[in-house]
Amino acid sequence: MTKQFAQIIVDVPTMQTNQPYTYIVPQNMVDSLMLGMRVTVPFGARQVMGFVVGLISQTELSEEQLRPITKILDLTPVINTELLSLSSYLAEETFAFRITILQTMLPSAFKANYERTIKIIDEVDEDVRERIFKGLDEIPFKSSDFNDTDIAMLLKLRRQHKIEVTIEVHNKVKIKTQLAYQFSNDIAFLEEELEGLNKSAKKQKIVLQFILGHLGETWAKKELQEVLGLSNEIFNQAAIKKWLKKTQVELLRDPFRSEVQPTELLKLNQQQQEAYEQVVGASDTHKFQPFLLEGITGSGKTEVYLQAAQHVFEQEKTVLFLVPEIALTPQMVRRVKGRFGAQTAVLHSGLSDGERYDEWRRIERGDVKIVVGARSAVFAPLDNIGLIIVDEEHETTYKQSDNPRYDARKIALWRGDYYQIPVVLGSATPSLESRARAQKGIYELLTLTERAGDAKLPSVQIIDMKETLAQGPETNFSNELRIQLIDRLEKGEQTVLMLNRRGFSSFVMCRDCGYVPCDPNCNLAMTLHMDTHTLKCHYCGHEESIPTVCAQCGSNRIRYYGTGTEKVEAELHELLPKARVIRMDQDTTRKKGSMDRMLQKFGNHEADILLGTQMIAKGLDFPDVTLVGVLNADTSLGLPDFHASERTFQLLTQVSGRAGRAQKPGEVFVQTFNPQHYAIAYAQKHDYEGFYRQEMAIRHAGNYAPYYYTVQIQASHSEENQVAMQMLKVAHWLRLHADKNVIILGPSPKPIAKMRKRYYFQIILKFKQRHEMDKLLQELQYRAQKAKGDLQLSIDRDPVSFM
DNA sequence: AGCACGCCGACT
DNA sequence: GTCGGCGTGCTC
């Protein structure tokens, strides 16, 4: 029985429309419409885009209630059945609309672009015809083209049925197509035709025989002509005789294929070999098995990944390899491409919409074996995955910070379960939650404790900055670190200096009254920018000149406080005038490719010191770096977040790993005001396991993750009173309906309470039973949307930051 | 989101 | 009396 009805998720992101709607599939679409295609459908008075998420032959709704699909937008499905079911899981998991999830899965080229046209269908005013329609019957309509009175008039004319508005749905990015021929697959018919062919019809015979050899296939006209060397005319005849039919296929831009040096397989050491065999074993037995690969920096995790991938290819399966965006460096890409050549797709943030679309198509068509990419690459349309790798699994960038707030690690595990394959989560400093799962046996723990090539872990010195500052003037450099810097400079060895700036920046403060200039919109301390000599708000972009007199007490002793990379660079220059310094921070790396250029320069020894923020902690590998300095270890300890210690430990461990990779031993100097803090002490000893145990005890005592689920409810409003009041109501409602064991904290203003002229409040929930809470949260979401007013509420499961 | 329907104030 | 203001609710 033919499927007559289609279930469509429409492109209307609201709570009330977050469900499939049923449409009639017109007779002429029955053959071509497939699950996962996009269509346009009438929805109320207009046309909208929608995704086909179901095809059914029966419906409870009566025919009069149903309307037919207007148009099919795709030649082939853009969402496969696996991703379709992933989308419904994710919609629940992230409290997002299904349509939002579906759009997130696809390159933005597939987003709908609604083009309106207005058309005169009855007598209208001469003025309107001339002034608005420029004497034409039909014009494109963009609301920005008209003022309010004109729009009001046009609306009126429409109500009087004097003009008509039509909407066409297009792709956001133009998809190029070319003429192609789809061969018939009716053997009997074709053979009959071949029999009945006139002897002189040699060309027709060639075509027919070719079709018989490629039954049902689709060939681009250009290619077919090249192969057969025949003219258009013959194919047109073939089309008339129904041997083949004309169709359109996509024309793909030639994928960029740079030549890469093949990389050699490295010999695995004992531990690597064991890890490799475990992963490959799970792959061979077709079993869903998450692994936590806990390997110290430099222990060769990547080689394990690559060889396991190689094994999976031999089974004709594909690999999904996720890395944090920051690790998606040309070096890393070169390494993978070198091993697997052109069958590698790389998805990174630098691609244009068109390029991203092309890579997506290559993956979707099965042209690639391995996809390397950051967070959003977890939706790569691979359909025969044999292995999923999540490198640096502790990285918070795997969690998207705005809607839909999905976690790529969870999705990786979901897809792994779907395909019954191994999923490898790798890190030197696993997230507490992953390490705890390994403890419980949910993940299998694989450990690498040896550095490749006999390299030793660097020695780490902790320096108490309280003492440094007690002895002398304000400075960013302790005596100890200063001595080391001079020493490296003399020896011609390189240094990496990290300024920990998480949630911290340089600002201006009055030394007499403590006044700090804040910007008028966000009420945040403004950041000092020496290059433009201004104060800027990091969040809204507000900018003003640096004051010379305190606005509060009139003192002229208002000056810089805190530290920025520029200031450190200046001090460094004073200290070591001869040292060549490269400064890397958000300002100097904003331009595309500038980060790579700087790293290359440093790698070529064109500088002695690399000074940067967190971004330099990850994945860089320079053999001549023998000294790493962390200027202020503790700014990340002071965050209003239970992850603060974990983040600090991870950061220190990561940055320490930059020292002494090759034969030369490395040294690390960590400056801090909290030398006794356990996160710093364990980082000094390179003792992840010790840190893990202590931090787990603290999490346990404080009822934090991974012992409890955490959910953050945040709301914003343009009026402070409103958001405070509404959130009090929400908290009250939750306390009324939630189980007694649910811990409800707040509401309280967020640490950054005002941003872009809106006030933010949050409520934190901690609980153990997920399902009951999920229902309640769905209900909350629904009510929040129905409630009128300017309140915006969002729910974030397992938030990675409370800022 | 958009769009229609519907119920109240100020106007040709 | 009608036009048009926006509040309310629905869209297969």
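Sequence lines set the chain letters: A, B, ... in the order given, protein chains first and strands last, and positions in each chain run from 1.
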Quick one: label [X] by what it contacts on the DNA or RNA (base, sugar-phosphate, nothing), any heavy atom closer than 4.0 Å.
{"X": "A:F43", "result": "base"}
{"X": "A:P20", "result": "nothing"}
{"X": "A:R67", "result": "sugar-phosphate"}
{"X": "A:L66", "result": "sugar-phosphate"}

| With A:S349, which residues qualify under side chain to side chain donor-acceptor pair (under 3.5 Å), at least two apart? |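 A:S349: side chain to side chain donor-acceptor pair (under 3.5 Å) contacts with A:E325.
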
Answer yes or no: does atom [atom1] of [X] have more than 12 heavy-atom neighbours from other residues, nucleotides or ligands under 6.0 Å?
{"X": "A:N28", "atom1": "CG", "value": "yes"}
{"X": "A:E92", "atom1": "CD", "value": "no"}
{"X": "A:H737", "atom1": "NE2", "value": "yes"}

| Contact boundaries of DNA chain C with chain A (under 4.0 Å, heavy atoms), 5' to 3'? |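 Taking any atom under 4.0 Å from a heavy atom of chain A, the span is C:dG4 to C:dC12.
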
| message | Determine whether A:R405 and A:D798 satisfy the following criterion, salt bridge (Lys or Arg N to Asp or Glu O under 4.0 Å), listing intermediate values before the conclusion. | response | CA-CA 10 Å; A:R405 302 171 191 273; A:D798 306 327; over 6 Å; no

| message | Between P on B:dA1 and CE on A:M15, what's the gap in Å once rounded to a whole number? | response |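 The answer, rounded to whole Å, is 13 Å.
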
| Euclidean distance, atom CD of residue A:E164 to atom P of B:dC3 [Å, nearest integer] |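 Roughly 13 Å, once rounded to whole Å.
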
| message | A:V723 and side chain to side chain contact (heavy atoms under 4.5 Å, CB included): which single residue from A:M727, A:Q726, A:E719 fits? | response |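 Single pass found, and it is A:M727.
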
| Can a side chain N or O of A:R46 be found less than 4.0 Å away from OP1 or OP2 on B:dC3? | no

